[in-house]
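Notes to accompany the following structure.
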Number of protein chains: 2
Amino acid sequence: MNGVNYGNSVLGSQGSSRLSAPTRRERLRTSTLSEIKEEARRLLVTGGPDAISLRAIAREMGMTAPAIYRYFDSLDALVEALAGDLYAELSEVVATAKQDAGDDPVTQVKAMARAFRGWSVAHPAEFALILGNPLPGIVAFQESCDEEHHPGVEFGRPFMETINALWLRERYATPPRTLMEERLAAHLEPLRASHGDQYPIEVTWAFLSGWSRLYGLVSMEVFHHLRWAVSDPGALFEMELHAYVDQFTSQKS
Amino acid sequence: MNGVNYGNSVLGSQGSSRLSAPTRRERLRTSTLSEIKEEARRLLVTGGPDAISLRAIAREMGMTAPAIYRYFDSLDALVEALAGDLYAELSEVVATAKQDAGDDPVTQVKAMARAFRGWSVAHPAEFALILGNPLPGIVAFQESCDEEHHPGVEFGRPFMETINALWLRERYATPPRTLMEERLAAHLEPLRASHGDQYPIEVTWAFLSGWSRLYGLVSMEVFHHLRWAVSDPGALFEMELHAYVDQFTSQKS
DNA sequence: TGCCATAGTTAACGCCGTTCATCTTCCTAA
DNA sequence: TTAGGAAGATGAACGGCGTTAACTATGGCA
């Protein structure tokens, strides 16, 4: 019956203040809202995704669980909002690393990859929430989200742009263009829908290939799936990064 | 107070039958045991890892929840046993694919990779349980398991052997040996503990690099982390497989 | 001043894992 | 053949969970 319950989108009945200082009510609301999410993150960090519970959050805040329903429609909605925040945080970390890396695309790629790994290793629980096994509630969210504004798109953009700059400069080696056109190009509509046709297929391939390699290695490290093989996953990571970047800078095949 | 509760390891007080026909009791026990795990898997498939509950299993079996404690010490122990079975199943699928692929290592690598993806895509919930975000109870299991008999070791063995055969034949390109010795070799004790020193560092690198690429791509597909980019992840997979194998067969750098 | 949306409460329902005391059934050892 | 004990299964209970419904207090605006 109630309207959708999220953020400060409640827009007080009368305009109150169109753009200037928010109402006292609004200030309190946003404050409580972020306190809830902070508490949820704390639980996430200490006990994993399943440890996030309305009752625990409320207890920690000196409230009762049903009160949280004034701010989120369900536990899933809360977790979803938290996931959105974390996605933005990670995106910004990566984007900042790129900005701080100077103008060389090779340096930029390395900086972004290291920043991604750094954040992930430092925040394994958060990584699990947004990039691991998606929870049942999150799956629906991902499917319902229209492709154009999917958080993954914004996250991948700086990678994509850098790989493109690299391509313009180096014309690095890729699988044969005919093969890529034939087997891959037909299935890239989703990506085209968000990035347009501005990138050649070589760039698209290099981006997807690189992202999957980065993701695979980092998530194996974060989830301890490398413990049986390597004592310091960072060394393996640097090795792989070297191999990936080398692909772009050595002479073409 | 009770002894550890798993499998048919209860060993009836008196020897009863050392090696021949198992007791009626034992037959019933193993039958119930596997029925519990089957029901658990059914719940896993239909509702994800969190849907596995003792009460639901018991309900479906016409029992009460506490009865299951005669067979498993806890829900975590049950899930852990199920994960072990699934690991074995996946390992066998991959090993069989290799056997059916003839003698050429390149063909073998492709067959194993495709078999791995095939099983994973066909059984996403099972994949999530054994290769995704580890549940809190599973983490302890992985850490307590002595490295030598870690299921991951047996799973990776056919890959490792094939990559080695490929190396003996092709002497494919890798990162410079000096770099690998310097940065990677010092951190491979866990892998050496299980496989011995029989493999040169080039093989180890190619194996770990390939496994992480395979894992990354497949888990992104299984977890729908590629939906925003690619409509048919299989095409991207074949592309990446091509690029990986090509690395081994084209002329050395 | 009166109103009413907003924030918060208590109580309850049905899930869950787990423990405990209890009962039945079956196998074995005397 | 029978007594005893182990193994299997039960019902009741505890505390925790998400969620709903009915209810109370309060702050800000007409």
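Residue numbers begin at 1 in each chain, while the letters A, B, ... track the order of the sequences.
The shortest distance between the side-chain N/O atoms of A/Thr64 and the OP1/OP2 oxygens of C/dT9 is below 4.0 Å. Taking only side-chain nitrogens and oxygens, A/Arg29 comes nearer than 4.0 Å to OP1 or OP2 of C/dA7.
Contact check for A/Val230 versus B/Leu191: no side-chain heavy atoms found under the 4.5 Å cut-off. In this structure, the side chains of A/Ser91 and A/Phe155 come closer than 4.5 Å at one or more pairs of heavy atoms. Side-chain contact between A/Glu80 and A/Phe72 is absent, with no heavy atoms from C-beta onward closer than 4.5 Å. A 4.5 Å side-chain heavy-atom check between A/Trp119 and A/Val94 finds every atom pair outside the cut-off.
We find that CG of A/Leu78 is positioned 14 Å from P of D/dC17, with the value rounded to whole Å. As a whole-Å value, the separation of A/Glu35 CD from C/dA7 P is 14 Å. Straight-line distance from the CZ atom of B/Arg27 to the C1' atom of C/dC27: 14 Å, rounded to whole Å. Remark: C1' of D/dC17 and CG of A/Leu43 are 13 Å apart, rounded to the nearest angstrom. Residue A/Ile68 contributes atom CD1, which lies 12 Å from atom C1' of D/dT19 at whole-angstrom precision. Put simply, CD1 on A/Ile57 is 14 Å from C1' on D/dT19, counting in whole angstrom units. Distance CG (B/Leu28) to C1' (D/dA6): 15 Å, rounded to an integer number of Å. Rounding to whole angstrom units, CD of residue B/Glu26 and P of C/dC27 are separated by 12 Å.
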Listed pairs, N/O of protein and of nucleotides 13-20 of chain C, under 3.5 Å:
residue : atom : partner : partner atom : Å
C/dC16  : OP1  : B/Ser53 : OG           : 3.2
C/dC16  : OP1  : B/Arg59 : NH2          : 3.3
C/dC16  : OP2  : B/Arg59 : NH2          : 2.5
C/dG17  : OP1  : B/Leu54 : N            : 2.7
C/dG17  : OP2  : B/Leu54 : N            : 3.2
C/dG17  : OP2  : B/Arg55 : N            : 3.1
C/dG17  : N7   : B/Arg55 : NH1          : 2.4
C/dG17  : O6   : B/Arg55 : NH1          : 2.9
C/dT18  : OP2  : B/Tyr69 : OH           : 2.6
C/dT18  : OP2  : B/Leu75 : N            : 2.9
C/dT18  : O5'  : B/Tyr69 : OH           : 2.8

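The heavy-atom pair separating B/Glu240 from A/Ser212 by the smallest distance is OE2-OG, 4.4 Å.
Between the B/His225 side chain and the A/Gly132 main chain, a donor and an acceptor come within less than 3.5 Å of each other.
With hydrogens and angles ignored, no donor-acceptor pair under 3.5 angstrom links the side chain of B/Arg70 to the base of D/dA7.
Tested against A/Phe116, the residues A/Phe237, A/Trp211, A/Tyr215 include a single ring-ring contact (aromatic ring centres under 6.0 Å, His included) partner, A/Trp211.
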